[in-house]
Amino acid sequence: MNTTNLSGIAELLRARGTLAEVRNLTQEAGATPVTGCDCDSRVVRPGHVFVCKGQAFRPVYLVSALEKGAVAYLCDEEHADSLEQAAPGVPALVASDLRRAMAYASADAFGHPDHDIKVVGITGTKGKSTVSYMLRSVLDGEKPYSGTGVIGSIDTFDGVENSESHNTTPESPDLWRHLANAREAGLPYMDMEVSSQGLKYDRVLGLTLDVACFLNIGRDHISPVEHPDFEDYFESKLRIFDICRSAVINMDCEHADVIAERGSRCPRVLRFSAEGREGADVWASDIQSGYGYVQFVAHTPSWEGNCVLSMPGLFNVDNALATIAICELLGIPEEDIVGPLSRAKVPGRMELLSTPDQKVTALVDYAHNKLSYQRFFPSVKKEFPGYRIIALFGAPGGKAYERRTELPQEAAKWADYLIYTEEDPANDPLEEICQQMADATPAGTPYEVILDREAAVRRATELAYEGEGPAIVCLLAKGDETRQHEGNDFVPCRPDGDIFQDAVREHAAKAKAEQ
């Protein structure tokens with residue numbers, strides 16, 4: 001499947017205008033076959049090119065990669081001399097634009113696996129993971145893990161590797177490795193979330209998507225290390241239409257006209273609307289919800305019929321319609337969509353946890369920005385009438401600083417009590433993050449700060465049992481994650497749902513002992 005060599009990659013980079021020079025590339029070295037590309041020395045395989053990148057890069061990583069069988073390295077002009085001293089005589093490709101060069105090199109080295117499998121890319125401020133998992137459920141059918149690789153913010157599965165994700169869209173060498181693994185494993189589909197960072201920083205450069213889905217856009221990820229302003233964030237998202245054959249677009253979101261105009265460049269476009277807007281190709285009618293489910297009638301160019309989702313959240317109709325529209329473009333028939341869609345579950349997304357006495361319910365969800373809150377809380381209020389709402393959440397360190405103000409203000413419109421706690425503080429002081437959220441809390445809104453997340457979940461559960469009437473505890477932003485980003489490390493942590501269930505059992509035992 002792959003016949004490239006070092007000279008071939010050098011010529012490709014030269015043609016793309018990203019090659020500054022080559023070093024130690026003799027005629028013999030140039031004929032060396034290349035079978036992959038890596039930027040992590042821990043995953044290097046023999047025959048691969050190693051990319052030297054990142055502020056934390058150390059020459060020892062290159063030495064390790066060469067010991068594992070790397071045949072050459074790719075680096076920027078700034079570090080070329082020092083790296084040649086660390087690895088004298090080793091063929092080197094020196095890039096004038098390292099990010100673009102490693103994307104082109106990775107695609108070529110792995111033999112462009114996107115030509116052999118169908119790749120679906122999903123972007124948006126809210127809902128990427130839910131659509132990804134709904135689509136995965138449909139494409140896998142009765143046999144989980146049988147047909148679909150997934151790359152996203154929850155986990156990564158490519159038929160060879162299966163792990164919890166660090167980045168929504170990985171760096172280009174990792175992305176192409178996962179695509180190549182999926183091809184090797186015989187998976188016909190790759191279903192991936194495409195982040196604004198992945199688009200802005202050329203992680204998906206050279207990739208061709210069979211379908212690109214644009215869900216929505218809201219203000220998020222505005223910070224010195226992400227996007228300087230909303231315009232940059234939005235424009236980065238819109239770049240997904242530059243790499244796709246067909247597009248799915250949400251007519252109900254803000255700036256839908258701009259999104260539709262950019263999407264119109266694609267040869268085929270399907271538009272969906274949960275509100276039944278005129279001109280929609282896929283739409284919903286007769287939307288109803290109950291405790292833990294949503295149902296509606298779907299209308300598509302090729303079929304119409306009843307659909308049931310076994311998860312709460314009226315906004316999940318949007319996500320289901322996006323999934324149905326993607327399937328329409330992929331040629332998936334109704335009978336292969338409706339059943340799997342009804343069984344679809346998304347780890348840590350709208351996960352409903354009830355208690356034996358039904359007095360207290362928990363809702364675990366990854367909602368973590370203003371747009372997701374604007375969809376999450378109204379839906380909770382409507383689907384759980386009469387329930388007191390206790391909301392627990394935090395804000396991340398080092399990025400998306402606007403959340404520290406926007407989230408308390410938005411949650412206060414709906415919740416009866418707020419608890420601020422840790423949510424991947426990274427290198428920012430947790431106390432400072434929570435204090436900024438406390439300062440942004442509207443006057444009169446009851447809240448407290450509990451820095452330890454496990455203690456915060458237990459406190460939220462306790463508050464739910466103390467009050468009158470039923471209560472719903474909204475455990476937000478972490479989903480079912482098992483790691484907390486603290487400093488430069490990812491520290492193990494317990495999922496919110498597990499902690500809640502422990503707290504419920506402890507409450508029951510305590511109540512029984514007091515009888």
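- The distance from atom NZ of K118 to atom CG of D191, rounded to the nearest 0.5 Å, is 14.5 Å.
- Salt bridge annotation for E171-R99: present, with a cationic side-chain nitrogen under 4.0 angstrom from a carboxylate oxygen.
- Taking every heavy atom of both residues into account, V317 and F296 meet most closely at CG2-CD2, 4.1 Å.
- Side-chain contact, N181 with E161: a donor N or O sits under 3.5 Å from an acceptor N or O.
- Heavy atoms from other residues, nucleotides or ligands lying under 6.0 Å from CD of Q358 number more than 12.
- The minimum heavy-atom distance between A395 and I433, with the atom names listed, is O-CG2, 3.5 Å.
- For R349 against S153, the heavy-atom pair with the smallest separation is NH2-OG, 3.6 Å.
- A side-chain donor-acceptor contact under 3.5 Å links Y291 and T361.
- Between the side chain of D140 and the main chain of Y145, a donor-acceptor pair closer than 3.5 Å is present.
- Heavy atoms only, all atoms of each residue included: S132 and V150 are closest at OG-CG2, 3.3 Å.
- Counting only heavy atoms from C-beta outward, the side chains of W283 and T300 never approach each other to under 4.5 Å.
- A distance of 11.0 Å separates CG in L215 from CG in L321, rounded to the nearest 0.5 Å.
- A donor and an acceptor atom, one from each side chain of S165 and D155, are nowhere located under 3.5 Å apart.
- A side-chain N or O of E164 and one of T482 form a donor-acceptor pair less than 3.5 Å apart.
- A cation-pi contact links R136 to Y133, judged by a cut-off of 6.0 Å to the six-membered ring centre and 45° from its axis.
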Q | Check against side-chain contact (heavy atoms from CB on, under 4.5 Å), S163 and F157 | A | CA-CA 7 Å; S163 61; F157 169 73; over 6 Å; no

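- More than 12 heavy atoms of other residues, nucleotides or ligands sit less than 6.0 Å from atom CD of E335.
- Counting only distance, with no hydrogens or angles, the side chain of T445 and the backbone of T441 share no donor-acceptor pair below 3.5 Å.
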**Q.** CA sep, side-chain torsions, deciding dist, call: L207, L179, side-chain contact (heavy atoms from CB on, under 4.5 Å)
**A.** CA-CA 10 Å; L207 176 67; L179 291 169; 3.8 Å; yes

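- Between the side chain of D365 and the backbone N or O of A367, at least one donor-acceptor pair lies under 3.5 Å.
- Distance alone, capped at 3.5 Å, places no donor-acceptor pair between the N167 side chain and the P170 backbone.
- Other residues, nucleotides and ligands contribute over 12 non-hydrogen atoms within 6.0 Å of the CD atom of Q484.
- In this structure, R458 and D502 have side chains that are in contact, with non-hydrogen atoms separated by less than 4.5 Å.
- Panel note: side chain N250, backbone N216; no donor-acceptor pair is recorded below 3.5 Å.
- Between the CD atom of E423 and the OG1 atom of T421 there is a distance of 9.5 Å, given to the nearest 0.5 Å.
- Side-chain contact check for R403 versus K370: every heavy-atom pair is 4.5 Å or farther apart.
- A donor-acceptor pair shorter than 3.5 Å can be found between the side chains of Q197 and H227.
- A cation-pi arrangement is found for R483 relative to F490, the charged atom lying closer than 6.0 Å to the ring centre and inside a 45° cone about the ring normal.
- Residues D97 and T18 have side chains that never bring a donor and an acceptor to within less than 3.5 angstrom of each other.
- Y420 and E448 share no donor-acceptor pair across their side chains, judged by distance under 3.5 Å alone.
- Ion pairing between R219 and E254 fails under the 4.0 Å rule for side-chain N and carboxylate O.
- In terms of modelled atom types and a separation under 3.5 Å, the side chain of T169 and the main chain of S195 share a donor-acceptor contact.
- Across all non-hydrogen atoms, the minimal contact from P301 to V282 is CD-CG2, 4.1 Å.
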Q.
Set out, in order, the CA-CA distance, both residues' side-chain angles and the distance that settles side-chain contact (heavy atoms from CB on, under 4.5 Å) for I240 and F214, then state yes or no.
A. CA-CA 8 Å; I240 196 170; F214 200 115; 4.2 Å; yes

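- Checked for salt-bridge contact, D439 and R404 miss the test: no charged N lies under 4.0 Å from a carboxylate O.
- Atoms CE and CZ, on M134 and R343 in that order, are 13.5 Å from each other to the nearest 0.5 Å.
- No hydrogens or angles considered: nothing links the side chains of S172 and Y104 as a donor-acceptor pair under 3.5 Å.
- For D158 and R177, the salt-bridge test fails: no basic side-chain N is under 4.0 Å from an acidic carboxylate O.
- Side-chain atoms of K200 come within 3.5 Å of backbone N or O of E226 as a donor-acceptor pair.
- Salt bridge absent: D174 and R203 never bring a charged side-chain N and a carboxylate O closer than 4.0 Å.
- Side-chain contact between L392 and F500: absent, with no pair of heavy atoms (C-beta onward) separated by less than 4.5 Å.
- Salt bridge status for D416 with R388: absent, with no side-chain N to carboxylate O gap under 4.0 Å.
- If you take CD1 on I337 and OG on S137, they are separated by 11.5 Å, rounding to the nearest 0.5 Å.
- Inter-residue side-chain proximity for E261 and I259 is flagged as unmet; no heavy-atom pair is nearer than 4.5 Å.
- Under the 4.0 Å criterion applied to side-chain N and carboxylate O atoms, R494 and E454 are assigned as salt-bridge partners.
- With N316 contributing its side chain and P312 its backbone, the two residues share a donor-acceptor pair below 3.5 Å.
- Checking T123 against K237 by side-chain atom types alone, a donor-acceptor pair falls below 3.5 Å.
- Side-chain N/O atoms of S302 and E334 include no donor and acceptor closer than 3.5 Å.
- At least one side-chain heavy atom of I332 sits less than 4.5 Å from a side-chain heavy atom of L139.
- Counting only heavy atoms from C-beta outward, the side chains of R265 and D242 approach each other to under 4.5 Å.
- H178 and T156 share no donor-acceptor pair across their side chains, judged by distance under 3.5 Å alone.
- Atom CD of E231 has more than 12 neighbouring heavy atoms from other residues, nucleotides or ligands inside a 6.0 Å radius.
- For H255 and F230, the gap between ring centers is short of 6.0 Å.
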Q: Check step by step if ring pair (Phe, Tyr, Trp, His ring centres under 6.0 Å) holds for Y366 and H368.
A: CA-CA 6 Å; Y366 194 62; H368 60 284; 4.6 Å; yes

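- Judged by distance alone, the side chain of D424 and the main-chain N or O of G397 form no donor-acceptor pair under 3.5 Å.
- By the 4.0 Å N-to-carboxylate-O rule, R183 lies close enough to D116 to be salt-bridged with it.
- What you find for K359 and Y465 is that their closest heavy atoms are CE-O, 3.2 Å.
- Taking CD1 from I419 and CG from L476, the interatomic distance works out to 11.0 Å, rounded to the nearest 0.5 Å.
- Formation of a donor-acceptor pair under 3.5 Å by the S379 side chain with backbone atoms of L314 is found in this model.
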(Q) L329 vs V248, test: side-chain contact (heavy atoms from CB on, under 4.5 Å). Steps then yes/no. (A) CA-CA 9 Å; L329 289 170; V248 169; 3.5 Å; yes

